[in-house]
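Please read the structure below before turning to the comments.
Note on naming: letters A, B, ... go to the chains in the order of the sequence lines (proteins, then strands), and numbering restarts at 1 for each one.
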Amino acid sequence: MNNLTTLLKSSIGRKLMMALTGLFLVLFLLIHLIGNLQLLIPDGGEAFNIYAHTMGNNPLIQIVSKLNFLFIILHVIYSIWLSRLNKAARPIGYAGKPAQATSTLSSRNMGILGTLILAFLLVHLKGFWYEFKTGADIMMVTYGTETIPDVFPVVATAYSNVWYAAFYVIMMGVVGFHLYHGFQSAFQTLGLGYNKYKKLIQTAGTLFAILVPALFALIPIVMYIQNA
Amino acid sequence: MGKENIGLTLKVWRQKNEADKGHFETYKLSEVSTHASFLEMIDVLNEQLIVEGKDPVAFDHDCREGICGMCSMYINGRAHGPQSATTTCQLHMRHFNDGETITIEPWRAAPFPVIKDLTVDRSAFDQIMAAGGYVSVNTGNAPDGNAMPIPKEDADEAFNAAACIGCGACVAACKNASAMLFVSAKVSQYALLPQGQPERKERVLKMVAKMDELGFGNCTNTGACEAECPKGISITNIARLNREFLSASLTPGH
Ligand code: HEM
Ligand code: SF4
Ligand code: FES
């Protein structure tokens, strides 16, 4: 018997794929946040433009970015697979209301939260990633000796629309709830939920789930106010 | 002190056999003693039904003292009812209010088919045990107990895991109908002790494979199982099961 195929075909193997892809996305969020926060530096977008340009031309970052797409797709495919199997495991449901007392809201709604995130990602990629790559009306700007695309106004214009900004802020809340369960769940799946680490993982996960989405959400709020 | 006797409306799942579609039937009980256990309350209902010439409600029970794991009932949206760390037989009617409506359902999971009314077939758990939940011992004289030193913490952890009574509340409570808490308890009780070592890797691979094959769901770490387990089995055991399974899968076979 080949144990590795056994792993990949097992329920725990499917969970492992969710956890590994999820944790990669967690790491990606952190890096993404560090970049985005440069939008708040009051320099007319210079730091952000340079950052976007450097990222766009760094071969390593380009590989990571491709991997990121792959992992999002895998994460989604596995989440659909898991959800279907789990539905089949209980073909007839209960009449009694599902117990609120025994699990968190986040943990019971990972599929819905994830689907909302997916919808957000599509809007987000269309609005920024696609525009940055192909936008016809992106000007060039010169800093010192280098002339690079001026992508900052694309973001500034988007966030001057109150609905767009509000959509971002709300969706960051959704990401927060997804991470509130997802972060600690991934460590449990990897088998690291030892009694002595449980508290630490829980605390780190809660902090991450609050701070990272809050900082992401701060950007459209500040930029909307600046433009108003 | 509350009332000595309460009146109740019961919504009970009735299903003739595995093939029957099943439905809820509503019954009224007056004068239920608050000192009665939940099963005694069902006994009273059944006596009433027999007097009326109706078919009594089929339900599983044996020890009625919280150790056999038979009394599977999903009560008001909770496995074994509203009290945590309690089996149905140990649940008392003083936790319910006069005039309350109580919904009683069987465990719901594809691998636990309903046999009749509230009785489900939990032999899927036996199949998982048969796949690897044992240790092979040589016959002959019993070895000296003190000849095999076991660290206190390991012994305690193994003992806590071995407290699992196989009741299936974890599966019933899990939104994914996952059997991970049960399997993790059984894998842990052996993995922590020297006697379990020879079959350690084989055991976890076989038990998880059987669990998947039987159609239990995939754990998503909601923790509902731990909250409903009458024996307080911790999901730390699930982390251990994941570790055991991952390490066994990543070790090359023969
Ligand atoms: C920013 C993007 C995302 C991040 C950082 C992320 C992160 C995570 C993490 C860390 C987990 C826990 C894995 C585990 O339990 O072992 C998880 C679970 C899950 N994710 Fe995501 N995810 C993201 C996007 C999505 C998307 C787009 C979907 C899909 C439609 C999705 C659906 C799910 C589902 C259904 C689970 C539940 C599985 C479970 O609870 O075990 N996620 N996610
Ligand atoms: S782990 Fe707890 S809930 Fe699950 S079968 Fe064992 S005793 Fe019952
Ligand atoms: S009847 Fe034995 S545990 Fe309830």
Side-chain angles (χ1 to χ4, degrees), chain A residues 1-16 18-19 78-79 81-111 181-198 201, chain B residues 11 13 22 24 74-79 82 84 103-105 108-111 114 157 171-178 180 201 205 208-209 211-212 215-228 234-236 238-254:
Chain A
M1 182 164 58
N2 186 334
N3 291 343
L4 200 61
T5 13
T6 315
L7 171 65
L8 289 176
K9 281 199 208 146
S10 69
S11 56
I12 297 178
R14 285 188 284 273
K15 287 291 304 173
L16 181 69
M18 278 313 278
Y78 269 86
S79 79
W81 192 13
L82 277 170
S83 307
R84 292 185 62 123
L85 285 172
N86 288 347
K87 186 108 190 44
R90 175 164 299 135
I92 302 168
Y94 291 110
K97 290 259 174 298
Q100 316 282 314
T102 55
S103 58
T104 60
L105 181 84
S106 288
S107 75
R108 276 177 274 125
N109 294 291
M110 289 300 275
H181 175 69
F183 190 98
Q184 53 97 15
S185 175
F187 286 92
Q188 170 79 356
T189 301
L190 294 177
L192 300 174
Y194 294 89
N195 280 328
K196 56 183 175 216
Y197 300 150
K198 251 187 207 167
I201 293 170
Chain B
K11 263 182 71 185
W13 184 258
F24 280 104
Y74 200 81
I75 303 162
N76 281 349
R78 298 282 302 269
S84 63
T103 308
I104 312 170
E105 300 169 77
R108 295 288 191 198
V114 173
E157 270 290 291
V171 175
C174 174
K175 80 175 188 50
N176 311 311
S178 162
M180 288 284 276
K201 291 195 188 312
L205 292 174
V208 169
M211 167 184 91
D212 289 349
F216 289 102
N218 303 253
C219 170
T220 63
N221 306 320
T222 69
C225 51
E226 166 184 81
E228 292 292 26
S234 157
I235 56 170
T236 307
I238 297 185
R240 183 180 299 105
L241 171 61
N242 289 335
R243 255 184 345 262
E244 291 287 324
F245 186 77
L246 293 175
S247 91
S249 315
L250 297 172
T251 331
H254 294 292

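For B:S178, no part sits under 4.5 Å from any heavy atom of chain A, backbone or side chain. Looking at A:K87, neither its backbone nor its side chain comes within 4.5 Å of chain B, counting heavy atoms on both sides. Neither the backbone nor the side chain of A:L8 comes within less than 4.5 Å of any heavy atom of chain B. If you measure heavy-atom distances from B:C225 to chain A, you find no contacts under 4.5 Å at all. Heavy atoms closer than 4.5 Å to chain A are found nowhere in B:R240, neither backbone nor side chain. Looking at B:I235, both its backbone and its side chain come within 4.5 Å of chain A, counting heavy atoms on both sides. With a 4.5 angstrom heavy-atom cutoff, B:E226 touches chain A only via side-chain atoms. With a 4.5 angstrom heavy-atom cutoff, A:A95 touches chain B via backbone and side-chain atoms both. Contact of B:F245 with chain A is made through the side chain alone, with heavy-atom distances under 4.5 Å. In this structure, chain A has a heavy atom under 4.5 Å from the backbone of B:A248, while its side chain stays farther away.
Counted within 6.0 Å of CZ on B:F24, heavy atoms from surrounding residues, nucleotides or ligands total more than 12; the atom is thus considered enclosed.
The NZ atom of A:K9 sits 11.5 Å away from atom CG of A:L4, with the distance rounded to the nearest 0.5 Å.
Top candidate by heavy-atom pairs under 4.5 Å with chain B, chosen from A:S83, A:S11, A:G13, A:A88, is A:S11.
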